[in-house]
Amino acid sequence: MSEEIKEKSLNFIEEIVVADLKSGKHSGRLLTRFPPEPNGYLHIGHAKSICLNFGLTQDYGGGTNLRFDDTNPVTEDTEYVESIKNDVKWLGFNWVNEYYASDYFDQLFKFAKKLITKGLAYVDDSSSEEMAALKGTPSQPGTDSPYRNRSIDENLQLFESMANGEFKEGSKVLRAKIDMASSNMLMRDPIIYRIKFAHHHRTGDKWCIYPMYDFAHGQSDSIEGITHSICTLEFVSHRELYDWFLEKLEIFPSRQYEFARLNLTYTVMSKRKLLQLVNEKYVTGWDDPRMPTISGMRRRGYPAKAIVDFCDRIGIQKRDNLIDVSLLEFFVRENLNKTATRVMAVFNPLKVTITNFPTEVGSIECTLENNPEIPESGSRSLNFTKELWIEKDDFMENPPNKYFRLSPGKMVRLKGAFIIQCDEVVHDENGEVTELKCSYIPTSKSGQDESGIKVKGVIHWLPATESIEAEIRMYERLFKVEDPSSEEGDFKDFINEDSLVTIKAYVEPTLPSFDGETRFQFIRNGYYAPDLDSTPEKLIFNKTVGLKEGFKI
RNA sequence: UGGCUGAUGGUGUAAUGGCAACACAGAGGUUUUUGGUGCCUUUAUUCCAGGUUCGAGUCCUGGUCGGCCAACCA
């Protein structure tokens with residue numbers, strides 16, 4: 001095997017990992033984690049993080065934990081836990097451990113008391129307004145809280161009482177005692193525990209105090225022995241605090257590294273905004289095929305591999321980015337081109353009557369290949385009959401130059417069947433074309449063409465009486481502007497009202513026999529996937545993505 | 001008027017002091033029983049000003065512009 005090993009350039013995090021492994025840091029151990037908060041569904045931005053974290057340990061050894069960052073019981077729910085696990089698995093990744101920050105509540109409580117004991121935390125009775133007022137601004141230092149110098153004993157006692165439910169929600173918090181004049185706002189005595197009389201999805205009513213993110217995340221990393229804790233750029237300023245806690249608590253020094261989150265054109269990526277779209281019914285749910293969620297993309301028909309390939313291609317960097325959604329669509333098409341079963345569907349039927357059809361025959365069986373990219377994929381049959389449907393767009397009475405579909409007097413091949421010639425155009429009283437009378441060339445059958453006729457155009461068709469109806473959900477981008485979040489005003493003002501158009505179409509009669517996992521290419525049209533709600537009795541297809549458009553009139 | 005962070009074609013990503021490359025998007029051609037696919041060609045890039053160096057996208061200095069930071073969210 002002297003295969004040329006292509007030199008892959010490493011992203012900056014891989015470089016760090018490789019260097020750490022080489023230097024023997026943590027005895028060469030590598031452990032990452034993917035830490036979602038179970039308060040929403042995963043989206044394509046999370047996929048980037050998933051591919052990074054799991055990809056690192058796939059490439060360099062070690063493992064990745066799935067850890068739910070469930071420190072805020074009022075927004076979190078097991079529904080989200082289940083969807084997140086399902087989505088990670090669907091993308092093709094396996095975690096070594098499933099953990100919850102709430103698993104560490106007892107330990108975190110002890111850590112807090114240790115901080116108090118070291119004189120590094122205190123209970124503050126200030127209201128949130130008072131605290132905000134004393135916090136200062138990024139360019140002006142804050143002021144010490146009047147409660148900042150309580151004794152260690154008093155703090156310990158007060159904190160225990162907080163945990164025992166002796167104080168009202170919002171009346172007291174535990175704060176780290178750091179530096180109210182720090183240029184980093186997060187170091188100005190951050191709140192580390194607050195009172196919430198809320199039912200937690202895992203710990204139930206055991207606690208009425210819950211740690212803040214900053215007091216849970218780094219410690220959870222440390223407890224698990226995470227070597228590389230990877231997060232997005234907005235956490236850069238949290239790193240100083242992250243390190244401070246680990247140092248003062250004298251626990252395993254996990255390290256945090258930050259990369260730029262993914263932004264995609266014509267969509268929004270914050271969970272807050274996505275939740276709003278769901279709650280306010282702009283979409284049908286988290287898994288609406290227009291959503292940038294993993295479940296939405298899955299429902300739309302995006303293959304997991306296309307998403308992973310996309311994430312590999314966009315790379316990992318620290319600069320803000322806005323990636324063209326057409327790059328994602330490229331990977332979807334690339335994948336589906338190799339896997340989708342080719343079938344024919346007619347969206348806007350125009351009747352074609354074959355005037356010279358041998359009526360004594362009834363129908364002529366034609367054989368169509370399932371996928372030209374995969375010769376072994378086999379074939380299926382479709383009947384060529386006297387009355388057919390073709391697409392309205394495939395006929396023009398007065399065609400422009402270079403239009404090589406059907407027009408009066410011209411010939412075209414019906415895909416997988418015969419060459420036909422348009423002899424007569426039938427109009428209604430408004431001048432609309434209602435029917436084409438055509439003759440077919442009996443010797444031109446696909447695969448055994450002896451006619452010697454060469455035609456430029458090939459169009460799709462269906463037997464009029466044998467094709468069946470299906471509901472087609474046509475999706476377009478959810479927003480009318482490239483970057484809804486950066487526009488002035490409410491992002492919802494830029495929603496594309498035509499992002500879902502439901503239509504009826506005719507499809508081949510064999511379609512009900514395929515299972516729900518089959519991905520289709522409606523020839524010359526696009527890729528389509530059976531919707532979750534589709535049944536053999538009522539077929540429903542989601543438009544995954546269109547084919548690249550060539551000729552435009 | 002603070003701190004942190006970043007800047008390479010239209011969009012992304014590489015080049016680790018030595019010919020600025022790859023993908024997507026765009027344009028053109030070719031093949032094709034999908035105006036798809038494949039194949040070929042092509043347009044277009046180092047934020048600015050100095051400096052170091054034989055040589056700078058890369059190193060240094062100073063600017064400019066962008067992003068993040070003042071939730072009892074994560």
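With rounding to whole Å, A:L322 atom CG is found 17 Å from B:A7 atom P. Between the CG atom of A:L241 and the C1' atom of B:A74 there is a distance of 14 Å, rounded to whole Å. In this entry the distance linking CG of A:L233 with C1' of B:G67 reads 8 Å, nearest Å.
Atoms NZ and CZ, on A:K48 and A:F259 in that order, are 5.5 Å from each other to the nearest 0.5 Å.
Listed pair A:R194 / B:C73 meets the phosphate criterion, a side-chain N or O lying under 4.0 Å from OP1 or OP2. Between A:T71 and B:A74 there is a side-chain polar atom (N or O) within less than 4.0 angstrom of OP1 or OP2.
Contacts of A:F331 classified as ring pair (Phe, Tyr, Trp, His ring centres under 6.0 Å), with partners at least two apart in sequence or in another chain: none. Partners of A:Y41 by ring pair (Phe, Tyr, Trp, His ring centres under 6.0 Å), not counting sequence neighbours, listed by chain and number: A:Y80, A:W286. In this structure, the side chain to side chain donor-acceptor pair (under 3.5 Å) partners of A:S102, at least two apart in sequence or on a different chain, are A:D70. Contacts of A:F520 classified as ring pair (Phe, Tyr, Trp, His ring centres under 6.0 Å), with partners at least two apart in sequence or in another chain: A:F514, A:F541. A:D221 pairs by the side chain to side chain donor-acceptor pair (under 3.5 Å) definition with A:R67, A:S229, A:Y242, not counting sequence neighbours. Remark: A:F34 pairs with no residue by the ring pair (Phe, Tyr, Trp, His ring centres under 6.0 Å) rule, at least two apart or across chains. For A:S446, the side chain to side chain contact (heavy atoms under 4.5 Å, CB included) criterion is met by A:R413, not counting sequence neighbours.
Sequence neighbours left out, the pairs with a member in residues 442-463 of chain A that pass ring pair (Phe, Tyr, Trp, His ring centres under 6.0 Å) are A:F384-A:W461. Screening residues 369-382 of chain A for salt bridge (charged side-chain N to carboxylate O under 4.0 Å, His left out) gives A:R380-A:E508 as the qualifying pairs, with residues at least two apart or on separate chains.
Closest approach to the A:S326 side chain among B:C72, B:A25, B:A23 is made by B:A25 (side chain taken as heavy atoms from C-beta onward).
Residue-to-nucleotide proximity on RNA chain B shows that, of A:R333 and A:K196, the 5′-proximal contact is made by A:R333.
For A:R175 (side chain) and A:A121 (main-chain N/O), no donor-acceptor pair under 3.5 Å exists by modelled atom type.
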Please encode protein proximity along nucleotides 28-36 of chain B as a string of B, S and -, counting only heavy-atom distances under 4.0 Å. -----BBBB
Can you pull every protein N or O that's under 3.5 Å from an N or O on nucleotides 13-16 of chain B?
unit_1	atom_1	unit_2	atom_2	d
B:U13	OP2	A:R319	NH1	2.5
B:A14	OP2	A:Q317	NE2	3.2
B:U16	N3	A:E15	OE2	3.1
B:U16	O4	A:E15	OE2	2.1

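Taking a pair as Watson-Crick or G-U wobble with both distances under 3.5 Å, RNA chain B forms stems of 3 or more consecutive pairs at B:2-7 with B:64-69, B:10-13 with B:21-24, B:26-30 with B:38-42, B:47-51 with B:59-63.
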